[in-house]
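Okay, so here's the structure we're looking at.
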Amino acid sequence: MPARPSHRPSTRIARSIALGSLATGLIVASLAGAAGANAAPGGTPGPRYAPGSEGAGDPYFPFAGNGGIDVQHYALDLDYTPPPPAPAPLEGRLAGVATIDLVATADIDRFNLDLRGLTASSVVVNGKSMAFTQGAGELVVTPRPRLKTGQSATVVVTYGGTTGRPTDIEDALYGWVTTRDGAMVVSEPDGSSTWFPVSDHPTDKATYSYEITVPEGRVAVANGLLEGSETADGRTTWRWNAPDPMAAYLATATVGDFRLEQYTAANGTPIIDAIDKSRQPAQYANLARTSDMLTFFEGLYGDYPFVSYGAIVDNDSVSYALETQTRSFFSSSAGLGTVAHELAHQWMGNQVSPGRWADIWLNEGWATYSEWMWTEHNGGQTADARFNALMSSSSQAAWNTVLADPGPFGLFGTPVYNRGAALLHALREKVGDGVFFDIAKQWVARFGGGTATTADFIALSEEVSHQDLTAFFDVWAYQPPKPTSW
Ligand code: ARG
Ligand code: ZN
């Protein structure tokens, strides 16, 4: 970084604007003077404030995430009251205080957070109350003093409201899904804004901590490690800490009538499972394979990347499972293949996350292929047999899809899963096992903690294999028909 001239004078002026202690005309004149001084020849230009954009720039979800800010940490203090017994409506009450540490990535006089269906009652930036407005899905904050590039700020949003059962653009339940005994909290791709003010795009990873207060007897399960719980006046506060950088869609604060089961896996990872007390053993028995699977996937992808793991098995359904970071969510039972799939996502999707939602095959293709490989390792159908069966099926939707651009309504369609897995199997055959698993390990090592795109994957595959894979990826990822030669 080149040395910057002191910004002190303009900072002081900005502060006085906030205090309203000077005549307006004088301030404008002084600001112009300060900017002129900063723009002196040879100097770095002074700040040029503009609003941060209302989205991170993802073509599929233009309003998800926010420009001008980079969130470092969310400390979420949630107070939740589940619905009363039936026949009362499935509506809960959520009151939250989100303390958000962020860094400005531009000189901003305004920035947005994503917040949907809940009402903010106050916004405090660096200890001072700020003006804000709320529109559809967006909380708009005007920090004063304005924030310069690289400046950090602590934003405290107090908010709350009634919780229901939100849905994504495909009408699938997601976000804070209210249940009779609590909530299922699973937010892929852009549902986190239904429960906290957030920069809701995978490119803005952050660490998280939680204090979740629920009626005594209910358990709140979040990501990472359980730090403790305290009960007072009939309410229990559950404290969780998730120190590994995490995309917002992978955060959870699921509440229910859970039994917590804690043990250490063979690889040393602490496991915390949360099983709804109504579940029968057959509905969660497959979780007993978690330790073996961790060892198996560590062999393929490298060390397990996070502080803990575990599963949540609830008694209501969003009709899918989700790889919530360190704590995979299963709606009402956990099938063996799905247990492997969600665990593999911890490397493929969570440690390395999609740079844009169009890159979703990098999550689902890898997780599905991991499921194939686990099944083979476990004495079931081989990955090769799965691949051949898929390739010989002519009616497959997989053969009419652009894998690397499935569209926002095709994110979780079977083509993304199956064709994605088939691509990886074909790549493995093309470059050989040694190179293929080298690519897998380097993918995690190089992009772990952040995001990567299809272009990154192609470049890495070519680098590690020393092959020109243009034609391979063209027929597999960019042309819709079934590949015939590659
Ligand atoms: N990623 C999940 C899986 O492992 C699927 C999530 C589906 N989400 C949704 N909003 N439909 O399969
Ligand atoms: Zn998946």
Side-chain angles (χ1 to χ4, degrees), residues 76-96 162-166 173-187 191 194-195 210-240 242 251-263 270-288 290 308-335 338-339 342:
L76 301 179
D77 189 340
L78 308 177
D79 193 290
Y80 182 58
T81 304
L90 268 177
E91 283 175 357
R93 276 186 296 118
L94 182 64
T162 302
T163 66
R165 303 209 6 140
L173 289 170
Y174 82 153
W176 189 279
V177 180
T178 307
T179 61
R180 193 55 69 185
D181 64 1
M184 304 178 280
V185 183
V186 286
S187 303
T194 66
W195 60 284
Y210 306 83
E211 291 196 12
I212 310 162
T213 302
V214 294
E216 184 176 357
R218 303 291 159 83
V219 180
V221 187
N223 315 85
L225 289 165
L226 179 60
E227 307 254 277
S229 66
E230 288 85 35
T231 300
D233 301 326
R235 298 189 64 86
T236 303
T237 300
W238 295 86
R239 291 182 288 109
W240 294 85
T252 192
T254 293
V255 177
D257 194 11
F258 295 117
R259 179 178 72 246
L260 294 180
E261 294 187 358
Q262 315 202 26
Y263 63 97
I271 309 291
I272 308 171
D273 290 331
I275 313 293
D276 186 282
K277 287 179 185 161
S278 73
R279 298 301 84 187
Q280 300 300 311
Q283 293 172 301
Y284 57 86
N286 292 317
L287 299 180
T290 299
S308 68
Y309 189 62
I312 301 168
V313 183
D314 213 336
N315 64 342
D316 193 345
S317 178
V318 292
S319 62
Y320 56 83
L322 186 71
E323 62 270 23
T324 21
Q325 191 156 301
T326 69
R327 195 122 306 110
S328 292
F329 176 86
F330 301 86
S331 281
S332 50
S333 69
T338 311
V339 170
E342 307 310 337

Do we see a donor-acceptor contact under 3.5 Å between the side chains of [X] and [Y]?
{"X": "Asn223", "Y": "Tyr210", "result": "yes"}
{"X": "Tyr174", "Y": "Thr194", "result": "no"}
{"X": "Arg165", "Y": "Thr179", "result": "no"}
{"X": "Trp176", "Y": "Ser187", "result": "no"}
{"X": "Ser317", "Y": "Ser332", "result": "no"}

Provide the closest heavy-atom pair for [X] versus [Y] in the form atom of the first, atom of the second, distance.
{"X": "Leu225", "Y": "Ser308", "answer": "CD2-CB, 3.7 Å"}
{"X": "Val177", "Y": "Pro166", "answer": "CA-CD, 4.2 Å"}
{"X": "Trp195", "Y": "Leu94", "answer": "O-CD2, 3.9 Å"}

Determine, step by step, whether Val221 and Trp238 satisfy the side chain to side chain contact (heavy atoms under 4.5 Å, CB included) criterion, reporting the C-alpha distance in whole Å, the side-chain angles of both residues, the deciding distance to 0.1 Å, and the verdict. CA-CA 8 Å; Val221 187; Trp238 295 86; over 6 Å; no

Testing Thr213, Thr231, Asp77 for side-chain hydrogen bond (donor to acceptor under 3.5 Å, both in side chains) with Thr237, which one passes?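 The residue from Thr213, Thr231, Asp77 that satisfies side-chain hydrogen bond (donor to acceptor under 3.5 Å, both in side chains) with Thr237 turns out to be Thr213.
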
Quick one: salt bridge (Lys or Arg N to Asp or Glu O under 4.0 Å) partners of Arg93, sequence neighbours excluded? none

List in chain and number order the residues that pass salt bridge (Lys or Arg N to Asp or Glu O under 4.0 Å) with Glu227, two or more places apart in sequence or in another chain; answer none if no residue qualifies. none

Are Glu261 and Arg259 within salt-bridge range, i.e. N to O under 4.0 Å?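 A salt bridge is present here (some side-chain N lies under 4.0 Å from a carboxylate O).
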
Counting only N and O atoms by type, is there a donor-acceptor contact under 3.5 Å from the side chain of Ser331 to the main-chain atoms of Val318?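 Such a contact is found between Ser331 side chain and Val318 backbone.
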
Check whether Gln283 reaches the backbone of Gln280 with its side chain - one donor and one acceptor, N or O, closer than 3.5 Å.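 It does hold such a pair.
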
Under the side chain to side chain contact (heavy atoms under 4.5 Å, CB included) criterion, do Leu287 and Val339 qualify, and how do the steps go? CA-CA 7 Å; Leu287 299 180; Val339 170; 4.0 Å; yes

